[in-house]
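This chain uses plain numbering: 1 for the first residue, then up along the sequence.
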Amino acid sequence: MGQGNCRNRRVRMRLGKFYGVGIGPGDPELLTIKAMRILGSVPLIFVPKAKITDEGMALQILLNSVVNKTGAQLQELVFPMSKDPAILKPAWTIARDAVLESLRQGKDSAFITLGDTAIYSTYMNLLAELRAAEPSLEIETVAGISSFSQGAAMLNLSLCEKSERLAILPCLSDVEGMRADLMRFDTVVLMKVGRRFTDLREMLRGMDLLPYSHLLLKMGSPGELISSNLDEVDPEKVSYMSLVIVRKAISGSYGE
């Protein structure tokens with residue numbers, strides 16, 4: 001009886017540890033020491049397959065830096081740019097199962113994401129899928145430098161001070177839907193501007209906010225552009241990996 005129990009007992013290998021690593025906006029020098037340490041310690045790094053050219057370029061620059069230093073194996077995961085559940089569900093299942101296959105072999109594995117892990121990141125969606133499948137999975141999430149933090153630094157600009165209010169928003173197809181937020185907040189960061197740039201610029205002009213607006217795109221990558229004069233920007237050059245920071249006048253007072 002004891003031998004039968006031994007034969008029937010399923011011995012399960014230890015799950016590997018899963019890391020979600022923010023790798024910053026595109027400049028390899030902005031990879032944190034912790035990110036490099038973790039990426040150098042895992043045998044497998046999962047990479048979101050680039051859906052657009054400039055995102056792919058930023059990822060490639062960073063991956064070249066990481067792989068050259070760590071020798072890690074890379075595996076792409078596909079996440080379609082779609083809202084159709086019939087397209088999304090199978091893709092997410094394939095991505096989840098690919099990661100689980102590695103983890104169930106006892107391999108520590110990492111997933112990288114541009115910018116920070118907590119801001120409009122595919123990583124958090126993948127994490128939810130993995131947790132549902134393996135509730136006991138050991139997870140470590142590593143923050144990265146966000147694109148807007150780096151953008152503000154490149155402009156030598158504060159995003160908010162004292163009791164000022166800051167909003168971080170995706171740039172909507174209907175730019176008018178952002179008018180109330182632009183009126184309400186002291187600083188508004190609009191991410192992934194892309195083809196909406198012309199309509200956004202005209203709305204900002206009508207709100208007298210154009211002088212307080214700054215465009216940044218492809219930071220740390222070839223084709224980087226930083227402009228505080230949006231009228232001089234060619235809309236054809238404004239790609240998906242772009243953001244606009246609208247920072248209303250700063251008082252300059254150090255009082256409360």
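Scored by the salt bridge (Lys or Arg N to Asp or Glu O under 4.0 Å) test, Glu236 finds no partners at all (sequence neighbours excluded). For Glu138, the salt bridge (Lys or Arg N to Asp or Glu O under 4.0 Å) partners are Lys17, not counting sequence neighbours. Here Lys34 pairs with Glu140 under the salt bridge (Lys or Arg N to Asp or Glu O under 4.0 Å) rule; sequence neighbours left out. Taking Ser102 as the reference, Leu44, Phe46, Lys107, Ser109 meet the side chain to side chain contact (heavy atoms under 4.5 Å, CB included) condition, with sequence neighbours excluded. Every side chain to side chain donor-acceptor pair (under 3.5 Å) that Ser228 has, sequence neighbours left out, goes to His214. Residues satisfying the side chain to side chain contact (heavy atoms under 4.5 Å, CB included) test with Ala153, not counting sequence neighbours, are Gln150. The side chain to side chain donor-acceptor pair (under 3.5 Å) check on Asp231 picks up Arg205, with sequence neighbours excluded. Every residue two or more places apart in sequence or in another chain was checked for a side chain to side chain donor-acceptor pair (under 3.5 Å) with Ser213, and none qualifies. In this structure Asp108 satisfies the salt bridge (Lys or Arg N to Asp or Glu O under 4.0 Å) test together with Arg14, sequence neighbours excluded. Applying the side chain to side chain contact (heavy atoms under 4.5 Å, CB included) criterion to Thr187, with sequence neighbours excluded, gives Leu159, Leu166, Ile245, Arg247.
Note that CE of Met241 is 9.0 Å distant from NZ of Lys218, once rounded to the nearest 0.5 Å. The CE atom of Met154 lies 15.5 Å from the CZ atom of Phe148; values are rounded to the nearest 0.5 Å. Atoms CG and CG, on Asp199 and Leu204 in that order, are 11.0 Å from each other to the nearest 0.5 Å. Going from atom CG of Leu100 over to atom OG1 of Thr93 covers 10.5 Å, rounded to the nearest 0.5 Å. Atoms CG and CD, on Asn229 and Glu232 in that order, are 4.0 Å from each other to the nearest 0.5 Å. Residue Ser147 holds its OG atom at 4.5 Å from CE of Met219, rounded to the nearest 0.5 Å.
Heavy-atom contacts from other residues, nucleotides or ligands closer than 6.0 Å to OH of Tyr212 number 12 or fewer.
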#### Entry: Derivation of the side-chain contact (heavy atoms from CB on, under 4.5 Å) call for Leu127 and Ile139
CA-CA 9 Å; Leu127 187 59; Ile139 300 159; 3.5 Å; yes
### Query
Please walk me through it: do Leu200 and Thr198 pass side-chain contact (heavy atoms from CB on, under 4.5 Å)?
CA-CA 5 Å; Leu200 174 63; Thr198 300; over 6 Å; no
### Task
Could you give me the CA-CA distance, side-chain angles and deciding distance for Ile226 and Leu155, then say whether side-chain contact (heavy atoms from CB on, under 4.5 Å) is met?
CA-CA 8 Å; Ile226 304 168; Leu155 291 164; 3.7 Å; yes
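Side chains of Thr113 and Ser121: a donor on one and an acceptor on the other come within 3.5 Å. Between the side chains of Ser41 and Tyr19, no donor N or O sits under 3.5 Å from an acceptor N or O.
Under the 3.5 Å distance criterion, the side-chain polar atoms of Arg201 are matched with a main-chain donor or acceptor of Val233. In terms of modelled atom types and a separation under 3.5 Å, the side chain of Lys248 and the main chain of Val188 share no donor-acceptor contact.
Applying the salt bridge (Lys or Arg N to Asp or Glu O under 4.0 Å) test to pairs two or more places apart or on separate chains, none has a residue in residues 181-197.
When hydrophobic clusters are built by joining Ile, Leu, Val, Met, Phe, Trp and Tyr residues whose side-chain heavy atoms come closer than 4.5 Å, directly or via intermediates, Phe197 is not grouped with Met191. Tyr120 and Val193 sit in two unconnected hydrophobic clusters of ILVMFWY residues. Membership requires side-chain heavy atoms under 4.5 Å apart, directly or through other members. Hydrophobic clustering, with ILVMFWY side chains joined whenever heavy atoms are under 4.5 angstrom apart, groups Ile119 together with Leu216. Cluster membership check: Met183 does not share its hydrophobic cluster with Ile168, using side-chain heavy-atom separations under 4.5 Å among Ile, Leu, Val, Met, Phe, Trp and Tyr. Note: the hydrophobic cluster containing Leu172 does not contain Val189 (ILVMFWY, side chain heavy atoms under 4.5 Å, direct or indirect links).
Among all heavy-atom pairs drawn from Pro135 and Ala132, the shortest one is CD-O, 4.3 Å. Ala35 and Thr32 make their closest contact through N-OG1, 3.0 Å (heavy atoms, listed as atom of the first residue, atom of the second, distance). Contact record, Arg96 with Ala133: CD-CB, 4.3 Å, taken as the closest heavy-atom pair. When every heavy atom of Thr117 is checked against every heavy atom of Val21, the shortest pair comes out as CG2-C, 3.8 Å. Of all non-hydrogen atoms in Ala110 and Phe18, the two that sit nearest each other are C-CE1, 4.5 Å. Nearest heavy-atom pair across Cys171 and Leu190 is CB-CB, 4.4 Å.
Under a 4.5 Å side-chain heavy-atom cut-off, the cluster of Ile, Leu, Val, Met, Phe, Trp and Tyr residues that includes Ile145 is completed by Leu30.
With contacts defined as side-chain heavy-atom distances shorter than 4.5 Å, the pair Leu209/Leu182 qualifies. Using a 4.5 Å heavy-atom threshold, the side chains of Pro48 and Ile112 count as touching.
Between Trp92 and Phe79, the angle of the ring planes lies from 30° to 60°, which puts this pair in the tilted group.
By the 4.0 Å N-to-carboxylate-O rule, Arg104 lies close enough to Glu134 to be salt-bridged with it.
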